[in-house]
**Q** 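Take this structure first; my questions come after.
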There are 2 protein chains.
Amino acid sequence: MREISQPSYHHGNLRRVIIDAALQAIGESGPAGWSLRELARRAGVSHAAPAHHFGDKQGLLTAVAVEGFTLFSDALEAAAADVWEVGVAYVRFAIDHRPYFEVMFRPELYRADDPGVRSAQERAAGVLVDSARTLSPGAEHDRMTTIAAWSLAHGFASLWLSGALPESSGGDPEALARSMIRLVFGALR
Amino acid sequence: MREISQPSYHHGNLRRVIIDAALQAIGESGPAGWSLRELARRAGVSHAAPAHHFGDKQGLLTAVAVEGFTLFSDALEAAAADVWEVGVAYVRFAIDHRPYFEVMFRPELYRADDPGVRSAQERAAGVLVDSARTLSPGAEHDRMTTIAAWSLAHGFASLWLSGALPESSGGDPEALARSMIRLVFGALR
DNA sequence: ACCCTATCTTGACGTTGACAAGATAGCGAC
DNA sequence: GTCGCTATCTTGTCAACGTCAAGATAGGGT
């Protein structure tokens with residue numbers, strides 16, 4: 001009297017199923033607090049199915065990073081019309097797509113030299129550089145302004161996610177980020 | 001003919017030895033890329049010695065976090081005389097004590113509700129709040145300024161450590177951080 | 001009708017974190 | 001001094017983990 005179904009050999013492509021399961025697991029227990037086998041169990045596949053598609057755990061996380069940076073670039077580009085909103089979009093992405101974000105900026109978890117990762121990363125960086133130029137008080141400060149704007153948005157997102165800011169419980173991250181950006185860069189320009 | 005020494009039962013207190021080994025391991029392979037057993041092997045103790053002193057892996061990382069926040073507070077306080085240097089000290093600590101820093105802001109790795117952690121954390125936050133007040137353009141902007149300054153320093157440190165900034169290879173993080181802080185908060189005040 | 005390949009499963013191996021039980025050494029009491 | 005108590009550390013064990021090798025299945029081209 002087995003309650004487990006017999007083998008049944010899937011033949012759809014499980015890549016998406018597995019990535020989605022990974023995102024959910026990362027959301028629940030952080031980017032390193034889950035196991036491939038538990039993942040497979042939840043996705044209803046064998047314990048080695050993930051390895052087939054992604055080689056190993058790093059390979060799976062590499063796929064997550066690529067997807068993450070791509071979605072990230074899309075989000076930033078969509079906000080680029082209003083320069084002041086790019087930083088807000090940065091924060092919003094980090095919070096709305098926390099699992100992606102947490103993997104993306106932990107390069108030791110995946111293969112950071114993967115060409116797919118590289119190009120997706122560069123695309124995102126490009127959007128940031130372009131919008132920061134608009135905020136810069138002068139061409140000679142362009143690079144410094146980019147770094148400052150990036151640091152400000154990234155730091156706020158990281159602190160918010162790690163729960164270091166007391167406002168994390170209950171506050172509205174977008175509104176807070178918007179005020180912060182206007183305070184800092186309103187004075188600068 | 002055994003080449004391994006016989007048991008020999010240490011009786012010093014191995015807490016320090018183990019924490020130091022952990023810091024080294026974290027420095028080499030990130031806050032989650034090492035194993036307790038490998039750690040013990042390097043420290044020359046049995047595979048269960050760490051568990052005796054710290055309960056489990058989380059316990060060991062909790063001890064690291066407490067120590068880290070304490071050293072962090074010391075570093076910030078030492079720089080507090082010159083407000084402009086607090087942010088620089090933040091960055092310097094992150095880079096000079098990378099293993100501590102990487103653990104401290106990953107609360108899912110340790111017991112963030114530990115009373116020791118809490119008080120060490122609050123002490124560090126206190127220094128930040130006090131110095132940010134000096135930079136604030138007005139009392140009603142105090143909180144916003146604190147968050148902005150904190151985000152700026154934390155973001156810069158995180159991006160630098162993760163290698164996201166091209167300047168990470170070869171540049172001088174302290175000097176860069178100093179310019180960035182002066183650019184942003186010089187205009188604000 | 002056949003085979004070829006991508007897809008997925010099964011089985012196995014060494015390693016890991018954790019627990020339980022045993023061994024050792026220092027130290028105060030008498 | 002030696003007895004026993006306790007903190008310290010070791011040994012032994014276990015389920016779970018990541019990875020590899022080998023086998024099973026199904027769908028598409030020929």
Side-chain angles (χ1 to χ4, degrees), chain A residues 2-26 28-65 103 106 108-111 114, chain B residues 2-26 28-65 103 106 108-111 114:
Chain A
R2 309 285 311 274
E3 55 221 312
I4 302 295
S5 62
Q6 58 271 35
S8 91
Y9 283 85
H10 301 236
H11 271 88
N13 195 326
L14 296 185
R15 280 187 65 100
R16 179 99 314 264
V17 177
I18 292 172
I19 291 186
D20 287 343
L23 289 170
Q24 194 187 332
I26 295 168
E28 289 170 14
S29 13
W34 51 279
S35 80
L36 274 182
R37 291 177 104 109
E38 169 69 16
L39 198 81
R41 224 168 290 139
R42 287 219 225 161
V45 297
S46 79
H47 66 88
H52 169 70
H53 290 283
F54 302 99
D56 57 5
K57 204 173 180 179
Q58 268 200 38
L60 172 51
L61 289 172
T62 302
V64 170
V103 172
R106 284 214 208 341
E108 76 275 12
L109 292 178
Y110 57 90
R111 272 180 273 277
D114 178 277
Chain B
R2 309 285 311 274
E3 56 221 313
I4 303 294
S5 61
Q6 57 270 36
S8 90
Y9 283 84
H10 302 236
H11 270 89
N13 195 329
L14 296 184
R15 280 186 67 101
R16 181 101 307 269
V17 177
I18 292 171
I19 291 186
D20 288 343
L23 289 170
Q24 193 186 333
I26 295 167
E28 290 170 14
S29 13
W34 49 278
S35 81
L36 274 182
R37 291 178 103 109
E38 170 69 17
L39 197 80
R41 224 166 290 139
R42 288 220 225 161
V45 298
S46 81
H47 65 86
H52 169 70
H53 290 282
F54 302 99
D56 56 4
K57 204 173 180 179
Q58 268 199 40
L60 171 52
L61 288 172
T62 302
V64 170
V103 172
R106 284 212 206 344
E108 77 275 12
L109 292 179
Y110 58 92
R111 273 179 273 278
D114 178 278

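Protein chains get the first letters and strands the later ones, always in sequence-line order, with residue 1 at the start of each. Because only heavy atoms are used, hydrogens play no part in the values below, and waters and symmetry mates are left out as well, while side chains stay in.
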**Q** Under 4.0 angstrom, heavy atoms only, what part of the nucleic acid is Ala48(A) near: base, sugar-phosphate, or nothing?
**A**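 It contacts base atoms.
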
**Q** Of all of residues 56-64 of chain B, which get a heavy atom below 4.0 angstrom from DNA chain C, listed by number?
**A**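 By residue number: Asp56(B), Lys57(B).
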
**Q** Can you measure from CZ (Arg41(A)) to CG (Leu36(A)) and round to the nearest 0.5 angstrom?
**A**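 That separation rounds to 11.0 Å.
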
**Q** Rounded to the nearest 0.5 Å, how far apart are CZ of Arg15(B) and CD1 of Ile19(B)?
**A**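 The CD1 atom of Ile19(B) is 5.5 Å from CZ of Arg15(B), to the nearest 0.5 Å.
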
**Q** Side chain of Arg37(A), heavy atoms from C-beta onward: which of dT10(D), dA12(C), dT13(D) has the nearest atom to it?
**A**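 Ranking dT10(D), dA12(C), dT13(D) by closest atom to the Arg37(A) side chain puts dA12(C) first.
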
**Q** Can you tell me the distance, in whole Å, between the CZ atom of Phe54(B) and the P atom of dT8(D)?
**A**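 Value for this atom pair: 11 Å.
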
**Q** Can you list everything that forms a side-chain contact (heavy atoms from CB on, under 4.5 Å) with Ala51(B)? Sequence neighbours excluded, please.
**A**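 Ala51(B) satisfies side-chain contact (heavy atoms from CB on, under 4.5 Å) with no residue once adjacent residues are dropped.
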
**Q** Has the side chain of Arg15(A) got a donor or acceptor atom sitting under 3.5 Å from an opposite partner on the base of dT7(C)?
**A**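 Under the 3.5 Å cut-off, the side chain and the base do not form any donor-acceptor pair.
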
**Q** Going by side-chain contact (heavy atoms from CB on, under 4.5 Å), name the residues that satisfy it together with Leu109(A), two or more places apart in sequence or in a different chain.
**A**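 Pro31(A), Leu61(A), Arg106(A).
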
**Q** Choose from dT16(C), dC17(D), dT7(C) the nucleotide whose nearest atom is closest to any side-chain atom of Ser35(A).
**A**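 When the side chain of Ser35(A) is considered, dC17(D) is the closest of dT16(C), dC17(D), dT7(C).
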
**Q** Among all residues two or more places apart in sequence or in another chain, which pass the side-chain contact (heavy atoms from CB on, under 4.5 Å) test with Ala21(B)?
**A**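 Residues passing side-chain contact (heavy atoms from CB on, under 4.5 Å) with Ala21(B): Leu39(B), Ala43(B).
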
**Q** In whole angstrom, give the distance that lies between atom CD of Glu38(A) and atom P of dC17(D).
**A**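 For the pair Glu38(A) CD and dC17(D) P, the rounded distance is 7 Å.
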
**Q** Between Arg41(B) and dT16(C), is there a contact of a side-chain N or O with OP1 or OP2 at under 4.0 Å?
**A**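 Yes, Arg41(B) has a side-chain N/O under 4.0 Å of OP1/OP2 on dT16(C).
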
**Q** Please confirm whether the shortest side-chain N or O distance from Ser46(A) to OP1 or OP2 of dT10(C) is below 4.0 Å.
**A**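 It does not, given that no N or O in the side chain of Ser46(A) lies less than 4.0 Å from OP1 or OP2 of dT10(C).
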
**Q** Taking salt bridge (Lys or Arg N to Asp or Glu O under 4.0 Å) as the definition, give me every residue that meets it alongside Arg42(A), ordered by chain and number, with sequence neighbours left out.
**A**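 Partners of Arg42(A) by the salt bridge (Lys or Arg N to Asp or Glu O under 4.0 Å) criterion, ordered by chain and then number, come out as Glu28(A), Glu38(A).
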
**Q** Could you list all the salt bridge (Lys or Arg N to Asp or Glu O under 4.0 Å) pairs where at least one residue sits in residues 45-61 of chain B, not counting sequence neighbours?
**A**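 Residue pairs passing salt bridge (Lys or Arg N to Asp or Glu O under 4.0 Å), neighbours aside: Asp56(B)-Arg111(B).
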
**Q** I need the NE2-P distance between His52(B) and dT6(D), as an integer number of Å.
**A**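 For the pair His52(B) NE2 and dT6(D) P, the rounded distance is 14 Å.
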
**Q** Output the rounded distance in Å from CG (Leu14(B)) to C1' (dT10(D)).
**A**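 Distance, rounded to whole Å: 12 Å.
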
**Q** Just compare dT16(C), dC17(D), dA12(C) and give me whichever is closest to any side-chain atom of His47(A).
**A**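 Nearest nucleotide to the side chain: dA12(C).
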
**Q** Can you tell me which nucleotide in dC17(D), dT10(D), dT16(C) comes closest to the side chain of Val45(B)?
**A**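 Nearest to the side-chain atoms of Val45(B), counting from C-beta on, is dT10(D).
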
